[in-house]
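Before any comments, here is the structure.
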Amino acid sequence: MVGCKCLMPIMAIPIALVWFWAAKLMKEPSMPAYNESWWGPGEPRYIDDKIRPFEISVSDEILKDLKYRLEHTLPLQPALKGTKHTYGINTNLLQKVLHFWKNEYNWTEREAYLNQFPQFLVNIQGLDIHFIHVKPKVPKSIKVLPLLILHGWVGSVREMYEIIPKLTTPKQGKNFVFEVIVPSLPGFAFSDGAAKKGMGSFNSSVVMKNLMKRLGFERFYVQGTDWGASIVQAMSVMYPDKVIAMHSNMCIVNMFKGYVTNLIYAFYPTFLLDEEELKSAHMYTQSIDLSVWFYRIEETGYFHLQATKPDSLGVALRDSPIGLAAYLLEKFITLTKASYRGIDDGRLEETYGMTALIDNIMLYWITGSITTSMRIYAEHWSSEFPGNFDVDGISIQVPAGCARFEHDIVFYPKAVLKVKYPNLIHASFYEAGHFPALEVPDVLVDDIFEFFDKVMKL
Ligand SMILES: *[C@@H]1O[C@H](CO)[C@@H](O)[C@H](O)[C@H]1NC(C)=O
Ligand SMILES: *[C@@H]1O[C@H](CO)[C@@H](O)[C@H](O)[C@H]1NC(C)=O
Ligand SMILES: *[C@@H]1O[C@H](CO)[C@@H](O)[C@H](O)[C@H]1NC(C)=O
């Protein structure tokens with residue numbers, strides 16, 4: 001070794017730089033300033049914000065047009081041998097879906113099913129927002145908790161139809177029950193899409209907060225999945241005085257300190273995992289597993305496309321019901337369990353039932369909302385709206401509960417969750433995929449009750 005003494009001061013420079021940057025990255029951003037914007041077309045103007053009862057009622061014209069398009073579907077390209085669902089949805093399966101949709105799916109019945117809960121429209125910041133609102137009928141001794149439940153992309157309010165009755169019916173041994181408010185996110189199904197740029201999870205949070213305010217809830221509880229999870233997280237950061245507690249079945253940690261913690265445990269699982277988590281340690285080491293990264297790259301092309309060119313893609317999907325079905329159903333295969341890509345029927349019927357899946361596609365089709373729904377990716381991930389990232393980077397102080405599903409897109413041990421949720425009072429682990437409300441409704445409902453039981457005892 002030569003000149004080791006003179007190397008010392010030289011080494012100090014990069015160390016200081018790394019230290020400086022690490023400290024900067026570890027620091028939480030401050031809450032972005034904002035004004036409550038007008039999202040409707042044109043200039044802000046007065047709009048009656050009366051709450052209007054709403055029922056789904058599709059015109060004969062739309063139904064006839066759909067029937068025509070389904071019947072005139074151009075021949076589907078035969079899938080290559082052995083590809084199953086890895087090149088996108090397999091057209092052998094899609095052919096069966098088409099047959100079912102044309103011949104067995106009965107809209108008259110499904111419309112009645114979809115109208116089983118009271119639904120409303122109300123204008124918030126220039127947008128008509130659609131929501132389901134179910135109040136439980138219970139004796140005074142049972143406490144009623146107002147719970148805002150938010151769906152995500154590729155989903156819709158339809159995801160929640162199995163859990164709504166279970167959450168609004170008293171559960172044995174629990175002295176509380178939920179009054180649920182289940183809106184369509186801005187741009188989804190019967191909720192208007194924004195007429196200008198910027199409706200990421202930050203600005204969606206403002207709209208959802210104002211919806212709750214309009215309904216008379218100054219303080220309330222939130223639950224979310226997928227984009228809905230992103231929005232309930234943002235609401236918990238932005239409105240800690242309104243959100244009493246949050247539950248999510250897709251807790252997301254987009255914080256530098258979270259990444260660092262993630263890396264530490266991935267190399268040294270025993271360092272941060274508790275006893276229970278060690279049993280499924282393989283789940284937590286994914287961040288350093290290259291095959292997992294390759295898998296993610298393979299399956300997230302849609303994300304990049306929707307975050308950059310949602311409108312081009314939207315034209316095609318808006319014009320073809322079977323094209324829309326192909327695009328949406330593929331996600332229900334892959335995001336439920338990676339290995340379902342290798343199974344002929346993708347386990348769709350077995351896991352969800354084709355009827356429920358077509359219901360969900362119908363909500364996009366009859367409202368023509370696929371383009372506006374996909375825009376949330378572009379609005380959220382645009383560098384033009386850094387406030388979305390800032391809010392992601394701020395920790396949540398309200399009591400939080402995370403239901404973790406083994407085959408979901410993200411998955412963290414408690415040590416990482418606690419970076420984002422210092423007040424984490426509940427973290428559970430289940431074997432299901434990205435759509436638990438549809439796949440395992442009882443598991444999700446039990447978990448929500450369990451979490452709120454803990455909240456009630458705080
Ligand atoms: C909010 O509106 C006020 C008054 O119109 C303006 O001065 C301020 O810059 C706006 N803030 C943001 C973050 O847009
Ligand atoms: C659809 O369901 C309705 C209500 O149950 C029924 O009257 C109608 O005949 C059904 N249509 C078809 C094509 O089966
Ligand atoms: C929210 O919307 C407003 C109005 O379009 C925009 O100025 C602001 O940057 C948006 N904020 C974020 C974080 O997207």
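Atom set for the values below is all heavy atoms of this structure, side chains included, hydrogens, waters and symmetry mates excluded. Read the numbers this way: they start at 1 and go in the same order the structure lists the ligands and their atoms.
- Between Glu218 and Lys242 a salt bridge is recorded (basic side-chain N to carboxylate O distance below 4.0 Å).
- At least one N or O atom of Asn35, backbone or side chain, sits closer than 3.5 Å to an N or O atom of ligand 1.
- Checked by atom type, the side-chain pair Tyr352/Asn360 shows no donor-acceptor distance below 3.5 Å.
- Closest to atom 1 (C) of ligand 2, if we only count protein heavy atoms, is Asn106 ND2, 1.5 Å.
- For atom 7 (O) of ligand 1, no protein heavy-atom neighbour is present inside the 4.0 Å cut-off.
- Summary of contacts: the protein heavy atom closest to atom 9 (O) of ligand 3 is Phe385 CD2, 3.3 Å.
- For the residue pair Gln223/Asn249, the side-chain donor-acceptor check at 3.5 Å is satisfied.
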Query raised in the report: Run the side chain to side chain donor-acceptor pair (under 3.5 Å) check on Trp227 and Ser201 step by step: do they pass?
Result: CA-CA 7 Å; Trp227 277 107; Ser201 62; over 6 Å; no

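- Under 4.0 Å is where a charged nitrogen must lie from a carboxylate oxygen, and between Lys67 and Glu71 at least one such pair does.
- In this structure, the side chains of Cys402 and Tyr421 come closer than 4.5 Å at one or more pairs of heavy atoms.
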**Report entry** Steps toward side chain to side chain donor-acceptor pair (under 3.5 Å) verdict (Ser156, His151)
**Finding:** CA-CA 6 Å; Ser156 62; His151 68 82; over 6 Å; no

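- Between Glu36 and Lys209 there is a salt bridge, with a side-chain nitrogen of the basic residue lying less than 4.0 Å from a carboxylate oxygen of the acidic one.
- Listed by atom number, the atoms of ligand 3 under 4.0 Å from Trp39 heavy atoms are 2 (O), 5 (O).
- For Asn388, heavy-atom contacts with ligand 3 shorter than 4.0 Å involve the backbone as well as the side chain.
- The distance from ligand 3 to the heavy atoms of Gly387 drops below 4.0 Å at these ligand atoms: 13 (C).
- Of the heavy atoms in Phe389, none comes closer than 4.0 Å to ligand 3.
- Protein heavy atom nearest atom 2 (O) of ligand 3, with residue, atom name and distance: Asn203 ND2, 2.3 Å.
- Scanning the protein for heavy atoms near atom 4 (C) of ligand 3, the closest one is Ser37 OG, 3.3 Å.
- Salt bridge annotation for Lys166-Asp446: absent, with no cationic side-chain nitrogen under 4.0 angstrom from a carboxylate oxygen.
- Close approach of ligand 3 to Gly198 is summarised as follows: ligand atoms under 4.0 Å from at least one heavy atom of the residue are 1 (C), 14 (O).
- Here Lys197 has backbone heavy atoms under 4.0 Å from ligand 3, and that is the only part of it that gets that close.
- Distances from atom 11 (N) of ligand 1 to the protein include at least one heavy-atom value under 4.0 Å.
- At the top of the distance list for atom 5 (O) of ligand 2, counting protein heavy atoms only, stands Glu109 OE2, 3.1 Å.
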